Structures are given as C-alpha cells and as structure tokens.
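Order of the sequence lines fixes the chain letters, A, B, ..., with proteins taken first and strands second; residue numbering starts at 1 for each chain. Because the structure is predicted, anything quoted here is derived from the model rather than measured.
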Amino acid sequence: MKSAPVRSQPRPEALERVQPHPAAQELPPDFEAWFRDHREPVYRYVRFRVATRDVAEDLTSDVFMKALRSLGSYDPRKSAPRTWLLRIARNAVTDYLRTLQRRGRLHVSLDRVPDLVHRAPSQEERMLRAEQVQRLLNAVATLRAADQEVLSLRYGAGLANLEIAETLKISANAVAVRVHRALSRLRAAVAETAGAED
Amino acid sequence: MFRRGGSQEWFDERDMRSLDRDLRQIVIEERCSYGPELRAQLIEEHARLEGGRRSRSWSASAVGIAAMLMLVLAGSLAFPGTRDAVLGVFQSPVVVETARSVIVRPRGGGLVESAPSVTAPISEPPNPATGSVSGEPTENPLPSPLLPGTVPELLDRNEARMIVAQEYPALLQQKGIGGRVRILMWVGPEGTTEFPQIEHTSGLRELDLAALRATQALRFVPATRLGEAVGTWVSFSIRFQPGGTDLVQPDPEYATFHIPLSN
C-alpha cells in the first residue's frame with residue numbers, strides 16, 4: 001500500500017519551528033469537550049448554508065479558531081456552549097455570504113453534493129434520492145436568508161425549537177411560526193424549480 | 001419525496017410533514033480526516049496563544065523584578081551594612097530551566113513528536129545524535145497526528161477489471177458504444193463500499209448504472225491513519241470501451257485519497 005501525505009498537514013519545517021510548551025500540546029479541557037460534542041452540529045449548520053464542502057470546512061475551522069481565541073470572553077451564564085458556537089458560526093456564514101454578494105457570486109451551483117447523501121436501500125433509489133436532495137437544497141438556496149437560517153439550524157445543526165429560540169433570541173412560538181412559513185416557502189420554491197426544469 | 005404542481009399557496013399538513021421528514025433524512029457526511037486535522041490546527045493555535053501569554057507575562061515580570069532590584073540596590077548603597085547581604089543573593093544562582101519537547105526524525109521519513117520526556121531541570125544540551133537529553137531514552141514516542149496515512153487500494157485489480165467487464169451492457173458493446181464514468185464513493189474502515197455516486201456522467205444512463213453496479217462489488221484495502229483503518233471518500237473513473245474495460249486514475253480532486261488504478 002502506498003503512503004501519501006495526509007491533506008492539509010502542516011509542513012515539516014513549520015513543525016520543527018513550533019515546539020510548544022508541554023502544557024499547550026493539548027486543548028483546554030472544556031474546549032476539547034466542546035470540539036468533540038459540537039463540531040458536528042456546527043459543521044452541519046454551516047454545510048447546510050454554503051454550497052461546497054471545502055467552504056464549509058474553512059468556515060467551521062474559522063468558527064473554532066475564533067472560539068479558541070475568545071475563550072476568555074465566554075460567559076456560561078449567558079449562553080450554552082453550543083449556542084455560543086452557533087452564534088459565531090452564524091456570523092461567519094453571514095460575513096462569507098456578504099463577501100460573495102459583494103463579488104456578485106452569490107449563486108453557486110449545487111451540482112456536486114457528494115457529502116450530502118440520503119440513506120436509501122437500493123442503488124437506483126439512492127441515485128434518485130441524491131437528485132431529490134440536490135433539488136431540495138437548490139430550492140433552499142433560493143429562499144431569503146432568514147428562512148435559510150431557521151431551516152439550517154433545525155435540519156443542519158439539528159436543534160429543537162427551544163434551542164433555536166435561544167440562538168436567535170426569540171420565543172419558541174416565534175420559531176415554530178418561522179419554521180412553518182419557511183417550509184411553506186420552500187415547498188413553493190421546490191415546485192417552481194421543478195417546473196423550470198420541465 | 002415531495003409533490004409539485006397545483007396551487008402554490010395551498011399547503012397542507014401532509015406536505016409539511018413530508019418536507020420535514022425529507023429534510024431530516026439528509027445526511028451530511030464529514031470528510032473523515034477533517035476532525036483530526038482541525039484539532040491539530042487548534043492545538044497549534046492554542047500553543048501559539050499560550051506562548052504569547054507566557055512571553056507577555058514573563059516580560060511584565062522581568063520589568064517588575066528589574067524595578068525592584070533597582071530600588072533594593074539604591075537602598076543598599078545608602079545603607080552599606082545591607083550591601084553584602086543583598087549581593088550575596090547573586091553569588092549562588094539557582095538555575096531553573098523548563099522542560100521541553102523534542103522532535104526527532106525517524107529513519108523511515110515521517111515525523112514523530114517525542115513525549116515531553118524532560119521533567120527534571122536540564123543541565124546539558126540535547127544530544128543531536130539521539131535527540132535525547134542527557135542520555136535520557138526517547139523510546140516509545142507518542143503517536144503523532146502528523147504521521148502519513150495510506151490510501152485505499154483495490155484488493156485485486158484483475159478481479160475489479162472482470163467485475164467491470166461483466167457489468168458492461170452487451171448491447172452497447174455490440175454497437176461499439178463506450179464511455180467514461182467518474183464515481184465518488186465511501187470506502188469504509190472494513191474496506192466495504194458505500195454511497196457510490198456519479199461524479200461525472202458518461203452521458204448514457206445505462207453506462208452510469210453499470211458503473212454503479214460494478215462499484216458495489218469492488219473490494220478494497222481500507223485507508224489508514226495513525227496505523228488504524230479509517231473510512232474515506234475515493235474518486236475514480238471507469239472507462240467502458242468495446243474490446244476491453246479499464247479503471248483509470250481520476251483528476252486528483254481528492255488529491256491524497258485517490259485509487260491508483262492505472263498501470
């Protein structure tokens with residue numbers, strides 16, 4: 001079996017330069033637990049909102065880097081760690097989308113969604129499902145930002161209405177209404193994009 | 001999955017539930033090496049931040065100590081009786097050195113970061129030949145996330161060619177119709193294949209489906225990382241051509257995780 005360098009490794013010369021203090025060779029214990037428990041919801045939230053896996057990885061990295069740098073300013077009385085991380089993630093995604101908008105490249109094709117899959121029993125059904133997932137996400141991408149936001153928190157990060165409420169600082173009832181309306185608009189968008197393809 | 005047509009304003013609970021279920025069933029797969037990579041970056045950043053904090057606090061302490069010394073010396077000059085007592089402190093210096101980690105480069109090529117093996121004060125410089133300090137052994141180095149990984153490989157290339165040939169629709173072969181399909185799929189830690197998807201179509205649905213059927217039967221030696229088998233996405237092409245099929249190496253989008261299928 002051939003060996004290959006693992007992607008995104010630090011360069012060897014960088015390694016030799018950095019000789020961290022032994023105490024700093026691990027993450028702070030709290031942060032280690034956050035990274036273990038909340039990386040996936042944060043990544044899924046971000047991935048739900050951006051078109052490619054590479055961008056989602058970069059943004060998720062940014063989120064945890066920012067969180068690590070501002071760990072001292074985190075106040076557990078104000079928010080749960082996941083809420084805090086998702087708030088950083090929301091800002092990161094908003095900034096990213098704003099940059100794209102400035103460059104006039106907001107529309108990104110979702111033709112390639114290899115990391116978004118739909119568990120289905122047979123091969124043919126999986127292919128069909130993959131097309132449907134793609135169509136569904138294309139429709140989500142046409143919604144306004146507030147709708148994408150609430151759908152990403154619910155279906156990307158997998159938050160319950162109460163957790164979404166805490167993240168968005170609105171009531172749980174308001175979340176339920178927003179989700180319902182977003183789904184309603186999503187259904188219309190799906191029908192519209194399907195009609196346009198015919 | 002979802003229906004279309006009809007009035008767009010009309011939206012009943014059944015549609016809502018169906019859409020809700022479909023959205024919940026979308027699975028977002030993280031690249032398998034992404035978590036460890038990000039963790040390594042975070043540790044590096046944490047070390048940098050800690051280093052900055054230490055040097056800041058050290059320089060603040062140094063300034064404070066220097067100011068105190070100035071005051072004490074000034075006082076001792078004013079009172080000669082205390083001068084000897086003050087200077088006596090500096091005649092028997094206490095050397096305190098911090099522990100440090102050592103990076104050694106093994107003969108095999110990869111980098112191994114040794115354990116922070118030095119816990120006692122260091123009295124001699126590290127021995128460059130052994131990478132150890134004061135003859136302390138550097139056996140049992142800690143596994144490092146920076147060791148090279150291996151990519152998945154076909155268990156049996158000839159078997160793979162046969163599988164692909166068997167799936168090539170006979171009618172298309174007779175008509176001399178061929179094509180190339182690029183597949184992306186997950187090779188699990190057991191070497192099993194999952195979620196094969198068409199990354200680049202041949203333009204013919206029959207060939208695409210034949211390629212997907214073939215990939216289901218392929219067997220792989222899984223990728224490894226830190227000596228352990230891990231799952232990973234792999235991308236490769238299958239070329240159907242009358243008179244012989246082939247599996248060829250793709251454009252290396254997933255540069256380090258491709259299947260070296262070409263001869």
| Steps toward side-chain contact (heavy atoms from CB on, under 4.5 Å) verdict (F48(A), L23(B)) | CA-CA 11 Å; F48(A) 220 89; L23(B) 284 163; 4.1 Å; yes

| request: Below 4.5 Å from any heavy atom of chain B, which atoms of F64(A) appear? Answer side chain, backbone, both or neither. | output: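 When you check distances to chain B, atoms from both the backbone and side chain of F64(A) fall under 4.5 Å.
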
| task | Below 4.5 Å from any heavy atom of chain B, which atoms of R185(A) appear? Answer side chain, backbone, both or neither. | result |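 No part of R185(A) comes within 4.5 Å of chain B.
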
| said: Working to the nearest 0.5 angstrom, can you tell me the gap between D22(B) CG and L136(A) CG? | reply: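 Between atom CG of D22(B) and atom CG of L136(A) there are 6.5 Å.
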
| request: Supply the atom-to-atom distance Q41(B) CD to L68(A) CG, rounded to the nearest 0.5 angstrom. | output: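 Atom-to-atom, Q41(B):CD and L68(A):CG are 11.5 Å apart.
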
| query | Where do E57(A) and L38(B) land on the side-chain contact (heavy atoms from CB on, under 4.5 Å) test, with the steps shown first? | reply | CA-CA 9 Å; E57(A) 287 183 357; L38(B) 177 53; over 6 Å; no

Using a cut-off of 6.0 Å, state whether more than 12 heavy atoms not belonging to [X] lie near its atom [atom1].
X	atom1	answer
E45(B)	CD	yes
R24(B)	CZ	yes
L162(A)	CG	no

| request: Evaluate the side-chain contact (heavy atoms from CB on, under 4.5 Å) criterion for residues I43(B) and E26(A): first the C-alpha distance (whole Å), next the side-chain angles of each, then the deciding distance (0.1 Å), finally the verdict. | output: CA-CA 6 Å; I43(B) 289 174; E26(A) 289 181 357; 5.5 Å; no

| said: Looking at every non-hydrogen atom in both residues, tell me the closest pair between G35(B) and F35(A) and how far apart they are. | reply: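 The pair with the smallest heavy-atom distance is O-CZ, 3.5 Å.
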
